[in-house]
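Every chain is numbered from 1, with letters handed out A, B, ... down the list of sequences. Quick note: numbers below take in every heavy atom, side chains included, and nothing from hydrogens, waters or symmetry partners. Quantities reported herein were computed from a predicted structural model and do not represent experimental measurements.
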Number of protein chains: 2
Amino acid sequence: MPRPPADARAARDAPPEMPAAPTQAGRFEQARRVQSMALLEDYAELIADLLATAGEARPTDIARRLGVTHATAIKAITRLKREGLATALPYRGVFLTEAGEHLAARVKTRHLLVVDLLRAVGVPADAAEQDAEGIEHHVSDITLEAFARFLKEK
Amino acid sequence: MPRPPADARAARDAPPEMPAAPTQAGRFEQARRVQSMALLEDYAELIADLLATAGEARPTDIARRLGVTHATAIKAITRLKREGLATALPYRGVFLTEAGEHLAARVKTRHLLVVDLLRAVGVPADAAEQDAEGIEHHVSDITLEAFARFLKEK
DNA sequence: CGCAAAATGTAGCCATGGCATCACAATGGA
DNA sequence: TCCATTGTGATGCCATGGCTACATTTTGCG
Ligand SMILES: [Mn+2]
Ligand SMILES: [Mn+2]
Ligand SMILES: [Mn+2]
Ligand SMILES: [Mn+2]
């Protein structure tokens, strides 16, 4: 029996939790869930920016801004459509649904707040811009509120 | 001609950059590179913890702590070995190489610092622990130094 | 006009990281 | 001792997100 060699076997179990489990496994699971949203968030934010700035969001522009090939961008756009975040008319560019616009707005606000927070604690501008691109996706609403309070009081 | 409808076409090009490009595409590329290390980092950190705490790191324990099946853990361990970060004797547990131990130490320090920083700016303990699990991987050395300075001066 | 260039879309390949399932190994306890 | 239980490992499946290569559509320009 592989039953642990009779040595230090730590505490176990924990009932099946649906929300964000406070256990270590639960934290990893939540981090994986969050990560699976990251790509959609970046696309939504970028598409909203292109629509607001250039009036249109074309696959090629999206791809260039993200540093991927257009084929990769088009596949991601397919996923955005499947998830109800975007629509696209063949050869006519990409648009955001209501849900997509809401997501984009939330993501943009969060992105800016994360950069501001990093700058506020002394992170150089370049590093703040770079790191925020990855960090943002893992900042929960609770944490975001804390960031906002911190910045206001500063 | 798909040449942009004669409308607002923003600035283009940028020579091929190898390090972390300051362009938007460069930031996304760097974020993707960082993300590809995240799994290895979490495994290294966890294995080091199990070795220090229980004296051994078994695939089943690793899997339980990460919230994945043992098959998933074993495949990740295969990648750790391939990357020169771990070794494993069949049915005898997993060990870290020098490189693996160095990575684990760096990752643990960074994890703790990220949690401390979040707490310092007012993030509740639970949210700090949760969000840090994903954020940590995107915190560069530059940013980490800024966090350390901020905490020291506080 | 008509056509070449650019954008778009499609297909197929690969690596990663989940999963379930099955077969084999190890071992503690009856 | 032996065997039921548990750990380990190997496969095979799927989804995601990169890529290249090729086909198709669009449209500005000569
Ligand atoms: Mn991002
Ligand atoms: Mn962003
Ligand atoms: Mn982590
Ligand atoms: Mn960690």
Would you mind telling me which residue lines up with the more 5' stretch of DNA chain C, B:Glu83 or B:Thr69, judged by nearest nucleotide?
B:Glu83
By nearest-heavy-atom nucleotide on DNA chain C, the more 5' of B:Tyr91 and A:Gly93 is A:Gly93
Using atom [atom1] of [X] as one end and atom [atom2] of [N] as the other, report the distance to the nearest whole Å.
X: A:Asp61; N: C:dA7; atom1: CG; atom2: P; answer: 8 Å
X: B:Arg33; N: C:dT16; atom1: CZ; atom2: P; answer: 16 Å
X: B:Asp42; N: C:dG18; atom1: CG; atom2: P; answer: 10 Å
X: A:Gln30; N: C:dG18; atom1: CD; atom2: C1'; answer: 17 Å
X: B:Phe28; N: D:dG18; atom1: CZ; atom2: P; answer: 11 Å
X: A:Gln35; N: C:dT16; atom1: CD; atom2: P; answer: 16 Å
X: B:Lys75; N: D:dG12; atom1: NZ; atom2: P; answer: 12 Å
X: A:Lys81; N: C:dT8; atom1: NZ; atom2: P; answer: 12 Å

Donor-acceptor contact present, side-chain A:Thr143 to main-chain A:Val139, <3.5 Å:
no
Check whether any side-chain heavy atom of B:Lys75 lies under 4.5 Å from a side-chain heavy atom of B:Arg79, and answer yes or no.
no
With a 4.5 Å limit on heavy-atom distance, are the side chains of A:Leu89 and A:Thr87 in contact?
no
Determine whether the side chains of A:Gln130 and B:His138 contain a donor N or O and an acceptor N or O closer than 3.5 Å.
no
Assess, by modelled atom type and distance only, whether the side chains of B:Arg27 and B:Gln24 contain a donor and an acceptor separated by less than 3.5 Å.
no
Nucleotide nearest [X] (side chain, heavy atoms from C-beta), chosen from [options]:
X: A:Arg79; options: C:dG9, C:dA20, D:dT16; result: D:dT16
X: B:Thr72; options: C:dT10, D:dC19, C:dG18; result: C:dG18
X: A:Pro59; options: C:dT8, C:dC19, D:dG18; result: C:dT8
X: B:Val68; options: C:dC19, D:dT16, D:dC19; result: C:dC19
X: B:Ala71; options: D:dT11, C:dG9, D:dG9; result: D:dT11
X: B:Arg32; options: D:dG7, D:dG18, D:dT16; result: D:dG18

Please compare A:Arg92 and A:His70 by the position of their nearest nucleotide in DNA chain D and report the one closer to 5'.
A:His70
For B:Ala76, answer base if it contacts any base atom (sugar-phosphate contacts may also be present), sugar-phosphate if it contacts only those atoms, and nothing otherwise; contact means non-hydrogen atoms under 4.0 Å.
nothing
Quick check on D:dT16: is either OP1 or OP2 less than 4.0 Å from any side-chain nitrogen or oxygen of A:Ser36?
no
